[in-house]
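Below is one structure, written out as structure tokens, with a few remarks after it.
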Amino acid sequence: MEETLLEERFMKEAIAEAQKALALQEVPVGAVIVRDGRIVGRGHNLTETSKDPTAHAEIIAIREAAKTLGGWRLIDCRMYVTAEPCSMCAGAIVLSRIPYLYIGTMNPKAGACGSLYNIVSERRLNHRVQVTTGVMEDACRRMMQSFFRNGRR
């Protein structure tokens, strides 16, 4: 029961990040990285705003967490992300050694954590990630569906 409350608490923080992206007319994806019950990295999509194809929520959160913790190995961390990471972000999650990933809604068109690909569980890589899906799924899915239904203004 307590684990579920923690998952929801931190997914709400990721949703708040996604709402920041939405306010900028970015695809509403948000991510937070947690260590010892404390958020050490946050990010929301900024690809359009920054004109940077790598400015995904997960990458921004990983960079901030690495800076906060003083190293690139994010062992003992958990990432919460509103939508299933793409192949670039899944690769970054593996390379940064994040052991736990919590996903709000899956992405059957571009997801790389179980939908289209499963990079985070690839046995040939030197690190695998334990994935939990469906955390606050309805809220995360509705935000994405609404964004794509309404389109960018």
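Both backbone and side-chain heavy atoms feed into the values below; hydrogens, waters and symmetry mates do not.
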When hydrophobic residues are tied together by side-chain contacts of less than 4.5 Å, even through go-betweens, does Val129 share a cluster with Leu125? yes
Hey, are the side chains of Arg97 and Asn126 touching, using non-hydrogen atoms and a 4.5 Å cut-off? yes
Within this structure, what is the CD1-CD1 distance for the pair Ile33 and Ile98, rounded to the nearest 0.5 Å? 4.0 Å
Scanning both residues in full, the closest heavy-atom pair of Pro28 with Ala18 reads O-CB, 3.5 Å
Any link between Ile39 and Ile59 through a network of hydrophobic side chains (Ile, Leu, Val, Met, Phe, Trp, Tyr) touching at under 4.5 Å? no
Is the shortest side-chain heavy-atom distance between Gln19 and Met143 below 4.5 Å? yes
Does Tyr100 share a hydrophobic cluster with Leu95, counting links as ILVMFWY side-chain heavy atoms below 4.5 Å and allowing steps through other members? no
Would you give the length of the straight line joining atom CZ of Arg128 to atom CG of Leu101, rounded to the nearest 0.5 angstrom? 15.0 Å
Output side-chain donor-acceptor pairs under 3.5 Å for residues 82-89, partner residues at least two apart or in another chain, one line each.
from	atom 1	to	atom 2	distance (Å)
Thr82	OG1	Gly30	N	3.1
Glu84	OE1	Asn107	N	2.8
Glu84	OE1	Ser115	OG	2.6
Glu84	OE2	Ala112	N	3.4
Glu84	OE2	Cys113	N	2.8
Glu84	OE2	Gly114	N	3.1
Glu84	OE2	Ser115	N	3.0

Could you give all pairs that pass the side-chain hydrogen bond (donor to acceptor under 3.5 Å, both in side chains) test and reach residues 52-69, with sequence neighbours left out? Asp52-Thr54
Contacts of type side-chain contact (heavy atoms from CB on, under 4.5 Å), residue Ala21, not counting sequence neighbours: Glu26, His44, Asn45
Who clusters with Ile60? Use side-chain heavy atoms, under 4.5 angstrom, across I, L, V, M, F, W and Y, and order the result by chain and number. Leu24, Leu46
Less than 3.5 Å apart, which donor and acceptor atoms pair up between the side chains of residues 130-142 and the rest of the protein, not counting sequence neighbours?
from	atom 1	to	atom 2	distance (Å)
Asp138	OD1	Arg141	NH2	2.8

Sequence neighbours excluded, every pair satisfying ring-ring contact (aromatic ring centres under 6.0 Å, His included) that has a member inside residues 4-35: Phe10-Tyr80
In short, salt bridge (charged side-chain N to carboxylate O under 4.0 Å, His left out) pairs touching residues 117-126 with sequence neighbours left out are Glu122-Arg124
Just jot down the side-chain hydrogen bond (donor to acceptor under 3.5 Å, both in side chains) partners of Ser146, sequence neighbours excluded, or say none. Asn150
For Glu13, all residues meeting side-chain hydrogen bond (donor to acceptor under 3.5 Å, both in side chains), sequence neighbours excluded: Arg42
Determine yes or no for a side-chain-to-main-chain donor-acceptor pair under 3.5 angstrom, with His127 supplying the side chain and Ile93 the backbone. no
Report yes or no: do Trp72 and Val34 belong to one cluster of Ile/Leu/Val/Met/Phe/Trp/Tyr joined by side chain heavy-atom distances under 4.5 Å? no
Set of residues satisfying side-chain contact (heavy atoms from CB on, under 4.5 Å) with respect to Arg35, sequence neighbours excluded: Val40, Leu69, Asp76, Cys77
